[in-house]
Trainee: 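For reference, the structure I am asking about is given below.
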Amino acid sequence: MSAVIQNNPKPLLAAHGLVKHFGSTRVVDGVDLQCRSGEILGMLGANGAGKTTTLRLCYGFLQPDEGSVFIDGVERQKDPDGVNRQIGVCTQDDTFDTDFTVRDNLLWFGHYFRPRPTDLESRVKELLDRFDLTRYAKAKPDTLSGGYRRRLMIARALVHQPKVLFLDEPTTGLDPQARMAVWELVDGLRNEGLGIVLTTHYMDEAERLSDNLLVLKEGQVVSVGAPRTVLGDLVGEHVVVLDAKIPQAEMIESWLDKEGFSEPTRILNTWQFALDGAGLARFSAAFGQLRFEVRPPNLDDLFLQLTDDDS
Ligand SMILES: Nc1ncnc2c1ncn2[C@@H]1O[C@H](COP(=O)(O)OP(=O)(O)OP(=O)(O)O)[C@@H](O)[C@H]1O
C-alpha cells in the first residue's frame, strides 16, 4: 500500500449498489467499488462481464437504474458538472477531433469544463512534454502511431487536472514497447496521487499495475481486494502442473471431483488445477508416486477459470 493511500483513507471514487439493465438483462447487478488516491483498481472479467458498463456508470456516460456514484465525496447526480471537473476519461476507442491538431485537441477539450481550467496554454504544453507529444503538436491525430494516439487520449483526459482517471482497455492493440510506455505513464500518475480505475484483458497489465483487483462475472463482483487475496479466493493457494500424458488422468479427475475441486485445464502439453493447502497435502498423499510441479496461482489461471466457467 502506498504512503499516499495511508494518508488519504477516504475513497476518491465510491460506487454503491450500481444496477444497469439493457432490455431485460441485468448487465450490472449490484456493484460496489472504491478507489483511493494513489491507487489503481484493475477491473477484470470475461467478455461481456460488465466491465465497460460499470466504468461508464462510474464516469457518467450511462445513468444507473439503481445505485449512486460519489467522486471525492460528492454524489454525481447532485453536482454533475462539479464531478465531471474531477474525473478524466480515456475510452477504448479514440475520440479525437480529426480536423484539429494534437495541440488543439488538448486545448479545446479544456474549454468544455466548468469552471474552465485556468492557464490552459501552459497545462497543454506541460502535457505535450510529459507525454512526449511536443514533436507532434502540429500534426493531426490520425497521422500518429497507435501508441502515440493512446498517449494523446490519456493526456486529453488530464487537461483539467482531474483527481480520478478512468482507463478502458488503455493498451489494447498496442505493441509491447508502446504498452510499456503507457504503463510507465499510468504508474507515474498513480504516484502523483490520482485514483485510477482501469479495465483490461491483459493479465500482465493487471498484475503489474493494480493495487487492487475487482473481478466481475455476469455483472456481479465475485472478488475484490489485493491481487494475492483475489487469486487465493478465486483460484486457490497452489496450482499443480502435470504432464498431460500421464496414465492416471482419469483417477485424478475423479479424485478432484470427489474432493470438490475444479476440473483440470489442459494447456499445451500440461494439465493444471488449483488446490488449497490441505487439498495439496491430500493430493500428495494420494498420488505421491507422481511427478508434478506446484506453483503459486497467477492471473492467467484466474482468467482461464472465469472464461471456462462461461463456456
Ligand atoms: N448499449 C448497449 N445495449 C445493449 N446491450 C449492451 C450495451 N452495452 C453493453 N451491452 C451488453 O452488456 C453486456 C456487458 O457488456 P460490457 O461491454 O459492459 O462488458 P465487458 O465486460 O466490458 O466486455 P468486453 O470485455 O467484451 O469489453 C454484454 O452482454 C453486452 O452485449
Side-chain angles (χ1 to χ4, degrees), residues 1-20 28-45 49-91 113 154 157-158 160-170 185-200 205-217 219-231 233-234:
M1 189 184 283
S2 74
V4 182
I5 299 172
Q6 284 166 352
N7 293 336
N8 295 282
K10 276 197 187 158
L12 281 180
L13 162 69
H16 306 289
L18 293 180
V19 172
K20 184 71 184 174
V28 175
D29 190 4
V31 169
D32 295 325
L33 60 82
Q34 292 192 347
C35 182
R36 292 180 164 74
S37 169
E39 181 180 291
I40 297 181
L41 175 68
M43 223 188 272
L44 299 177
K51 303 179 294 292
T52 296
T53 307
T54 301
L55 210 67
R56 287 175 168 172
L57 294 171
C58 288
Y59 67 72
F61 181 80
L62 292 172
Q63 294 303 314
D65 298 331
E66 292 171 34
S68 48
V69 175
F70 291 81
I71 301 287
D72 203 13
V74 178
E75 188 172 2
R76 158 167 283 289
Q77 277 164 328
K78 297 220 167 107
D79 181 10
D81 284 347
V83 161
N84 285 338
R85 192 69 170 68
Q86 301 299 344
I87 65 172
V89 180
C90 178
T91 53
F113 292 93
I154 300 173
L158 298 168
H160 53 298
Q161 298 190 280
K163 292 182 179 165
V164 180
L165 178 64
F166 295 95
L167 300 170
D168 199 358
E169 296 189 25
L185 289 166
V186 172
D187 186 48
L189 295 168
R190 177 231 322 257
N191 293 338
E192 284 168 22
L194 264 85
I196 301 173
V197 187
L198 64 86
T199 71
T200 183
E205 181 162 295
E207 197 143 24
R208 276 163 206 251
L209 288 179
S210 307
D211 299 289
N212 282 314
L213 294 173
L214 178 135
V215 182
L216 284 174
K217 188 171 176 196
Q220 296 188 340
V221 178
V222 289
S223 184
V224 62
R228 283 282 133 221
T229 313
V230 166
L231 284 173
D233 260 13
L234 295 181

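Only this structure's heavy atoms are used, side chains among them; waters, hydrogens and symmetry mates stay out.
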Trainee: Can you tell me how far the CG atom of D32 sits from the NE2 atom of H16, to the nearest 0.5 Å?
Mentor: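 One gets 7.5 Å once the value is rounded to the nearest 0.5 Å.
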Trainee: Look at the side chain of K217 and the backbone N and O of A49, then say whether any donor-acceptor pair between them is shorter than 3.5 Å.
Mentor: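 No, because the side chain of K217 does not come within donor-acceptor range (under 3.5 Å) of the backbone of A49.
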Trainee: Locate the shortest heavy-atom distance separating S37 from G193; write the atom from each residue and the value.
Mentor: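 S37 and G193 have their closest heavy atoms at OG-O, 2.7 Å.
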Trainee: Where do L165 and L189 come nearest, in terms of heavy atoms and distance?
Mentor: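 Here L165 and L189 meet closest at CD2-CD1, 3.8 Å.
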Trainee: Are R36 and D211 side-chain neighbours, meaning at least one heavy-atom pair lies under 4.5 Å?
Mentor: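 SC-SC contact between R36 and D211 ruled out.
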Trainee: Looking only at non-hydrogen atoms, find the nearest pair between L12 and K163 and report the distance.
Mentor: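 Here L12 and K163 meet closest at CD1-O, 3.4 Å.
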Trainee: Is the backbone of I40 close enough, under 3.5 Å, to the side chain of S210 for a donor and an acceptor to pair up by distance?
Mentor: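 No.
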Trainee: Specify the closest pair of heavy atoms between C90 and A157, including all atoms of both residues, with the distance to one decimal.
Mentor: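 That closest heavy-atom pairing would be N-CB, 4.3 Å.
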Trainee: So, applying side chain to side chain contact (heavy atoms under 4.5 Å, CB included) with M43, which one of D168, L33, V31, L213 is it?
Mentor: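 Of the listed residues D168, L33, V31, L213, the side chain to side chain contact (heavy atoms under 4.5 Å, CB included) partner of M43 is L33.
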Trainee: Begin from the C-alpha positions of T52 and F61 and carry the test side chain to side chain contact (heavy atoms under 4.5 Å, CB included) through to its verdict.
Mentor: CA-CA 11 Å; T52 296; F61 181 80; over 6 Å; no
Trainee: What distance separates L194 CG from E39 CD, expressed to the nearest 0.5 Å?
Mentor: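 Going from CG on L194 over to CD on E39, the span is 12.5 Å.
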Trainee: Drop me the distance from L57's CG to S68's OG, to the nearest 0.5 angstrom.
Mentor: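 The CG atom of L57 sits 11.5 Å away from the OG atom of S68.
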Trainee: I'd like to check V186 versus L209 (side-chain heavy atoms, cut-off strictly below 4.5 Å). Are they in contact?
Mentor: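 Contact flag for V186/L209 side chains = yes.
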Trainee: Restricting to non-hydrogen atoms, name the atom on C58 and the atom on L18 that form the minimum distance, rounded to 0.1 Å.
Mentor: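 The answer is SG-CD1, 4.1 Å.
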Trainee: Just how far is it from atom CZ of F70 to atom CG of D79, taken to the nearest 0.5 Å?
Mentor: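 Output value for this atom pair is 12.5 Å.
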Trainee: Less than 4.5 Å apart, any side-chain heavy atom of L216 and any of V221?
Mentor: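 SC-SC contact between L216 and V221 confirmed.
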Trainee: For residues V83 and R76, report the shortest heavy-atom separation together with the two atoms involved.
Mentor: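 In terms of heavy atoms, the two residues are closest at CG1-NH2, 3.5 Å.
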Trainee: Return the NZ to OG1 distance between K51 and T200, rounded to the nearest 0.5 Å.
Mentor: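 Reported to 0.5 Å precision, the distance equals 9.0 Å.
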Trainee: Roughly how far, to the nearest 0.5 Å, is CD of Q86 from CG of L13?
Mentor: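 With rounding to 0.5 Å, CG (L13) is 12.5 Å from CD (Q86).
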